[in-house]
Amino acid sequence: MPNARVAFLAANPRDKQTVLRQPEELQRVKYALSNSPIARRVEILESLTAKFSDLMRIIEGPKPEVLHFSGFEASAKGGILLEDGEGYSHPVSTSALTDAFRRAHYRPRLLLLNCCNSASTAKALSAFALAAIGYEGEVADDLCNAFCDALYHAVFACEPLKSAFSMASEVAAQHPISIEAHRRYGMSLKPARLFFHATQQADIYRALELKPISVFISYGGPDQKTAERIHDALEAKGFDAFCFSKDAHAGKPLHELMYEGVNQADKVVLICSRSSLGRPGVLNEIEETLRRSARAGGRNALIPVTLDDFVFGDLARQSPALATRLRDLVIADFRDAQRSNTRFQQALDRLVKSLEEV
């Protein structure tokens, strides 16, 4: 389930002579998200022929944390240009936008007006948005795309917005098209302006505060190779995974590492095998994770992963209470995954779905 939403609204009315590359702009946003550690926790809502009804539906319904508009300014006085039912220009003034935000009780964490002459509108809407970005003067389409590309890579990496904005401005200013537009037409190399709501601390503010889902992998020494394989696969999918053999710092007391790991991680993946479930360290991690779940009112953090039949058979004879506790949970089946890459990927995909239910 997504924890945050980004709404991408674009309008390129048919009566405008300039054709904007908005589908490319949207693809850049999607690509930046796909390479982010929070990719599975953010949903992108999109409308490439946005009408005023689309805007209202978005801000009254899902209320996205980031609202991105790509298109044209309505007039020299500000506002934006949406589309009517026939695809022609529908100007929406700054005052109409502020009224819409006020009626919907909508306060986006970031409002990005990716169009020319939008700084005054962004500044006015920063009374509602916690942060807003707009441009002063005419802006080359390539500069806008370069700016957004760099900005979203930083935003989706959960960087502070102020530093993300500065980096994106530098990247856009160095784009060859920006330099040529500056040389030939006197266009500004850094036209973007960032406005914060008066309540925000600019240096530490983030447009998205999500972090990668953290996973502590509990295992016994003989299963290290499998634990490392699961660790690497989860890291590749954007999780913040901890595996003792890869991530433990020398000199840290083992009991502190265990206690912090199972209590601070979003989820604890337990390798269930004859080799692991007989290890005192693993048993301690299981007990601490179960205590953590009890303190959280029964909310489970433990995800068992079986490599053999031990948890379904002999464990019940050796430790009936532990066997019952583990078998009361849905156990991820990796028994065939060690012999087949296809089976490993299938088992991993099912594990990922479980981990995403944080």
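If you read the sequence from its start, that first residue is 1, and numbering goes on from there. Side chains are part of it too, since the values below use all heavy atoms of this structure and drop only hydrogens, waters and symmetry mates.
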Open item on the list: Using a 3.5 Å distance criterion without hydrogens, assess whether the side chain of Arg28 forms a donor-acceptor pair with backbone atoms of Tyr152.
Closed with: no
Open item on the list: Can a donor-acceptor pair be found, under 3.5 Å and without considering hydrogens, that links the side chain of Ser47 to the backbone of Leu9?
Closed with: no
Open item on the list: Pairing donors with acceptors under 3.5 angstrom, does anything connect the side chains of Asn117 and Glu138?
Closed with: yes
Open item on the list: For a quick test of reading the model, state the closest non-hydrogen atom pair linking Ser245 to Glu228 and the distance between them.
Closed with: OG-OE2, 2.5 Å
Task: Heavy-atom closest pair, residues Pro212 and Gly238 - done: CB-O, 3.4 Å
- [ ] Without swapping roles, check the side chain of Ser178 against the backbone of Ala172 for a donor-acceptor pair under 3.5 Å.
- [x] yes
Task: Asp308 side chain to Arg274 backbone, donor-acceptor under 3.5 Å - done: yes
Open item on the list: I'd like to check Leu302 versus Leu326 (side-chain heavy atoms, cut-off strictly below 4.5 Å). Are they in contact?
Closed with: yes
Task: Criterion side chain to side chain contact (heavy atoms under 4.5 Å, CB included) on Leu112 and Val66, from CA distance to verdict - done: CA-CA 8 Å; Leu112 174 54; Val66 177; 5.6 Å; no
Open item on the list: Looking at every non-hydrogen atom in both residues, tell me the closest pair between Pro13 and Leu82 and how far apart they are.
Closed with: CG-O, 3.8 Å
Open item on the list: Is it the case that the ring center of Phe244 lies less than 6.0 angstrom away from the ring center of Phe216?
Closed with: no
Task: Ion pair check, Glu83 and Lys51, cut-off under 4.0 Å - done: no
TODO: Check the side chains of Asp15 and Ser89 for a donor-acceptor pair under 3.5 angstrom, ignoring hydrogens and angles.
DONE: yes
Task: From Glu136 atom CD to Ser118 atom OG, the distance as rounded to the nearest 0.5 Å - done: 9.5 Å
Task: Among Tyr205, Phe196, Phe147, the one residue meeting ring pair (Phe, Tyr, Trp, His ring centres under 6.0 Å) with Phe165 - done: Phe147
- [ ] Report yes or no: does Tyr106 contribute a side-chain atom to a donor-acceptor pair with the main-chain N or O of Pro64 at less than 3.5 Å?
- [x] yes
Task: Residue pair Asn114 / Glu25, side-chain heavy-atom distance below 4.5 Å - done: yes
Task: Expected output: side-chain Ser319 to main-chain Leu315 donor-acceptor under 3.5 Å - done: no
Open item on the list: Please evaluate residues Arg14 and Glu86 with respect to the criterion side chain to side chain contact (heavy atoms under 4.5 Å, CB included), reporting the C-alpha separation (whole Å), side-chain torsions for both, the decisive distance (0.1 Å), and the verdict.
Closed with: CA-CA 9 Å; Arg14 60 175 62 187; Glu86 303 296 324; 5.7 Å; no
Open item on the list: Test of understanding: clusters of I, L, V, M, F, W, Y form through side-chain heavy atoms closer than 4.5 Å, transitively. Do Leu125 and Leu130 belong to the same one?
Closed with: no
- [ ] Taking all non-hydrogen atoms of both residues into account, name the closest pair between Leu33 and Ile38 and its distance.
- [x] CD1-O, 4.3 Å
- [ ] Can you measure from CG (Leu277) to CD1 (Ile286) and round to the nearest 0.5 angstrom?
- [x] 5.5 Å
Task: Shared hydrophobic cluster for Leu113 and Leu20 (ILVMFWY, side-chain gaps under 4.5 Å) - done: no
Open item on the list: Donor-acceptor pair, distance only, cut-off 3.5 Å: does the side chain of Asp141 make one with the backbone of Arg21?
Closed with: yes
Open item on the list: Between Arg109 (side chain only) and Ala207 (backbone N and O only), is there a donor and an acceptor less than 3.5 Å apart?
Closed with: yes
Task: CZ/Arg206: more than 12 non-hydrogen atoms of other groups inside 6.0 Å - done: yes
- [ ] Answer with yes or no whether the hydrophobic clustering places Leu322 together with Val268; edges join I, L, V, M, F, W, Y residues whose side-chain heavy atoms lie under 4.5 Å apart.
- [x] yes
Open item on the list: Counting C-beta onward and ignoring hydrogens, is there a side-chain heavy-atom pair between Glu288 and Asn263 closer than 4.5 Å?
Closed with: yes
Open item on the list: Please find the pair of heavy atoms, one from Leu81 and one from Ala11, that lie closest to each other, and give the distance.
Closed with: O-CB, 3.3 Å
- [ ] For Ser276 and Cys272, indicate whether the former's side chain and the latter's backbone hold a donor-acceptor pair under 3.5 Å.
- [x] no
- [ ] Could you tell me whether Glu209 and Arg41 make a salt bridge, using a distance below 4.0 angstrom between a side-chain N and a carboxylate O?
- [x] no
Task: SB check Asp328 Arg325 (cutoff 4.0 Å) - done: no
- [ ] Enter the distance from Phe72:CZ to Ile80:CD1 here, rounded to the nearest 0.5 Å.
- [x] 12.5 Å
Task: CZ-OG distance between Arg193 and Ser126, expressed to the nearest 0.5 angstrom - done: 14.5 Å
- [ ] Answer whether the closest heavy-atom distance between the side chains of Ile230 and Phe344 falls below 4.5 Å.
- [x] yes
Open item on the list: Tell me whether Arg107 forms a cation-pi arrangement with Phe101, defined as NZ or CZ under 6.0 Å from the six-membered ring centre and within 45 degrees of its axis.
Closed with: no
Open item on the list: Using the rule that Ile, Leu, Val, Met, Phe, Trp and Tyr join whenever any side-chain heavy atoms are under 4.5 Å apart, tell me whether Val42 and Tyr31 fall into a single cluster.
Closed with: no
Task: Basic-acidic side-chain contact under 4.0 Å: Arg350, Asp333 - done: no
TODO: Take atom CD of Gln201 as the centre, draw a 6.0 Å sphere, and report whether it contains more than 12 heavy atoms from other residues, nucleotides or ligands.
DONE: no
- [ ] Measure the OG-CD1 distance between Ser218 and Ile303 for me, rounded to the nearest 0.5 Å.
- [x] 13.0 Å
Task: Exam field: side chain Ser36 to backbone Ala32, donor-acceptor pair closer than 3.5 Å - done: no
TODO: Of all the heavy-atom pairs spanning Pro62 and Arg5, show the shortest one and how long it is.
DONE: CB-CD, 3.7 Å
Open item on the list: For residues 169-192, which residue pairs pass the salt bridge (Lys or Arg N to Asp or Glu O under 4.0 Å) check, not counting sequence neighbours?
Closed with: Glu170-Lys190, Glu180-Arg183, Glu180-Arg184
Task: Evaluation steps, side chain to side chain contact (heavy atoms under 4.5 Å, CB included), between Thr306 and Arg335 - done: CA-CA 6 Å; Thr306 186; Arg335 285 176 290 183; 4.3 Å; yes
- [ ] Begin from the C-alpha positions of Glu260 and Lys252 and carry the test salt bridge (charged side-chain N to carboxylate O under 4.0 Å, His left out) through to its verdict.
- [x] CA-CA 11 Å; Glu260 291 176 2; Lys252 188 174 183 65; 3.3 Å; yes
- [ ] Drop me the distance from Leu48's CG to Leu26's CG, to the nearest 0.5 angstrom.
- [x] 5.5 Å
Task: hydrophobic_cluster_shared for Met167 and Ile133, side chain cutoff 4.5 Å - done: no
Open item on the list: Side chains of Asn341 and Gln345 only: does a donor on one sit below 3.5 Å from an acceptor on the other?
Closed with: no
